[in-house]
Protein chains: 2
Amino acid sequence: MIDKKDEKFKFKLNGKGFHCETDVAISLIGGKWKTVLLWYLKGEKKRFGELRKHCPHITERMLSITLKQLENDGLISRKVYTKKPPMKVEYSLTDFGKSLIPVLDTIAAWGKDVAETKGEKFMDE
Amino acid sequence: MIDKKDEKFKFKLNGKGFHCETDVAISLIGGKWKTVLLWYLKGEKKRFGELRKHCPHITERMLSITLKQLENDGLISRKVYTKKPPMKVEYSLTDFGKSLIPVLDTIAAWGKDVAETKGEKFMDE
DNA sequence: CAGTATCCCCGGAGATACTG
DNA sequence: CAGTATCTCCGGGGATACTG
């Protein structure tokens, strides 16, 4: 039984309903680490260990999970170069992922502005 | 005891550390309902019940919680007009919240594009 | 009308240890 | 090097009922 209320959604994607256009985007880039990883992949492809270094606080588990989600959503691609013990894997933005760059830039610019304007000030209040 | 690793954060805001510029932004607009509500408040101020109508799937609880978060973060302001039983409260973007509009527009445009390009197609596969 | 108050569940996220 | 495997915890989010 499918709920009739599904019709009230504005968009559908992969069987899931969304409330408005921003909702679709947030489902793809929301979450604690997604934009951060995408941000570091923006310029160039990177290896697992490089990404880990850029995000000192991420656990290997979350890094692995988040990369897989981004891959499943088609935003990044994963390329294995050597399968034997000293493995080498590179992650890079797909074309779809690259379409996100202007969005990431806009978000980052605003975030930076907020951090510079409001950052640190409230710390000791 | 404050953890020394705090120094590894790139930004600080209200006592919390952030990993990169996108992180700051996501902390303010991430979550299931924030961008949706901001989106509907973008054009004009709205009342509690109006917002509820625009988001048929939100519960009153989540609407209340999310609005409070947005208010605490300074993105929206809450104005009470009548305190007696038939209450009237209006929510609107603050100047800070208005600074988000270009970001929301960018996110929405991308989300809409994604929905139109990829939406529905995969539904019956 | 505009919320609270509860209760509850699931999954995001962390910590740690282990592996091909 | 690039991950899995567990275990755990916390809180976001949902459902329902109640209130100033």
Side-chain angles (χ1 to χ4, degrees), chain A residues 3 5-6 8-9 16-19 23 26-37 40-41 45-73 76-92, chain B residues 3 5-6 8-9 16-19 23 26-37 40-41 45-73 76-92:
Chain A
D3 196 334
K5 284 178 185 161
D6 279 1
K8 289 202 180 169
F9 287 120
K16 280 191 277 191
F18 297 95
H19 308 86
D23 200 12
I26 290 298
S27 77
L28 292 172
I29 64 173
K32 187 166 180 181
W33 297 108
K34 285 185 181 176
T35 56
V36 179
L37 293 179
Y40 288 123
L41 286 174
K45 59 191 172 194
K46 286 201 172 56
R47 301 178 59 182
F48 191 89
E50 294 181 282
L51 289 169
R52 191 174 39 191
K53 257 182 214 148
H54 281 291
C55 309
H57 295 85
I58 199 171
T59 61
E60 291 174 347
R61 185 185 118 93
M62 284 316 297
L63 181 51
S64 175
I65 289 176
T66 310
L67 287 171
K68 205 165 293 176
Q69 291 171 343
L70 294 172
E71 192 191 357
N72 288 339
D73 288 338
I76 66 174
S77 76
R78 178 179 186 271
K79 224 171 193 168
V80 182
Y81 286 94
T82 50
K83 292 193 72 76
K84 283 299 152 193
M87 269 180 83
K88 182 174 173 181
V89 179
E90 278 183 347
Y91 294 90
S92 58
Chain B
D3 196 334
K5 285 178 185 162
D6 279 1
K8 289 202 181 170
F9 287 119
K16 279 191 278 188
F18 296 96
H19 308 85
D23 201 14
I26 290 298
S27 78
L28 293 171
I29 64 173
K32 188 166 179 179
W33 297 107
K34 284 186 182 175
T35 56
V36 179
L37 294 179
Y40 288 123
L41 286 173
K45 58 192 173 195
K46 287 200 171 57
R47 299 177 60 181
F48 192 89
E50 294 182 281
L51 289 169
R52 191 175 37 190
K53 256 182 217 147
H54 281 292
C55 308
H57 295 85
I58 199 171
T59 60
E60 291 173 345
R61 184 186 119 94
M62 285 315 298
L63 181 52
S64 174
I65 290 177
T66 309
L67 287 170
K68 205 165 290 173
Q69 291 171 342
L70 293 172
E71 190 190 359
N72 289 338
D73 287 336
I76 66 173
S77 77
R78 178 178 186 273
K79 225 171 191 168
V80 182
Y81 286 92
T82 49
K83 294 191 72 74
K84 283 298 152 196
M87 271 181 82
K88 180 174 174 181
V89 179
E90 277 182 347
Y91 294 90
S92 58

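For the numbers below, each heavy atom of this structure counts, side chains included, while hydrogens, waters and symmetry mates do not. Keep in mind it's a predicted model, so treat the numbers as computed, not measured.
- Of the charged side-chain nitrogens involved, at least one lies within less than 4.0 Å of a carboxylate oxygen, so that A:Glu60 and A:Arg52 count as a salt-bridged pair.
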Worksheet item: Do B:Leu63 and B:Cys55 pass the side chain to side chain contact (heavy atoms under 4.5 Å, CB included) test, and can you show the C-alpha distance, the side-chain angles, and the key distance before you say yes or no?
Response: CA-CA 9 Å; B:Leu63 181 52; B:Cys55 308; over 6 Å; no
Worksheet item: Where along nucleotides 5-13 of chain D does protein come under 4.0 Å, by heavy atom, of base (B) or sugar-phosphate alone (S), with - for untouched nucleotides?
Response: -BB-----B
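- Geometric assessment of A:Lys46 against the ring of A:Tyr91 yields a negative cation-pi assignment under the 6.0 Å and 45° thresholds.
- At a threshold of 4.0 angstrom between heavy atoms, the contacts of A:Tyr81 with the nucleic acid are absent.
- Under the 4.5 Å side-chain criterion, counting only non-hydrogen atoms from C-beta, A:Leu67 is in contact with A:Leu37.
- A salt bridge does not link A:Glu90 with A:Arg47: none of the charged nitrogens is closer than 4.0 Å to a carboxylate oxygen.
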Fill in: Pairing string, 5' to 3', for DNA chain D - Watson-Crick or wobble contacts under 3.5 Å, brackets [ ] where pairs cross, | to another strand
||||||||||||||||||||
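- Counting 5' to 3', DNA chain C first comes under 4.0 angstrom of a heavy atom of chain B and last does so at the ends given by C:dC1 to C:dC7.
- Of the residues near DNA chain C, B:Lys68 and A:Lys84, the one whose nearest nucleotide (by heavy atom distance) lies more toward the 5' end is B:Lys68.
- B:Lys83 places none of its side-chain heavy atoms less than 4.5 Å from the side chain of B:Val89.
- Put simply, the side chain of A:Phe48 does not reach to within 4.5 Å of the side chain of A:Glu50, judged on heavy atoms.
- The aromatic rings of A:His57 and B:Phe9 lie parallel to each other, their planes meeting at an angle below 30°, with 60° marking the opposite boundary.
- For the pair B:Trp33/B:Ile58, a side-chain contact is recorded, criterion being any heavy-atom separation below 4.5 Å from C-beta on.
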Item to complete: Could you give me the CA-CA distance, side-chain angles and deciding distance for B:Thr59 and B:Met62, then say whether side chain to side chain contact (heavy atoms under 4.5 Å, CB included) is met?
Response: CA-CA 5 Å; B:Thr59 60; B:Met62 285 315 298; 3.5 Å; yes
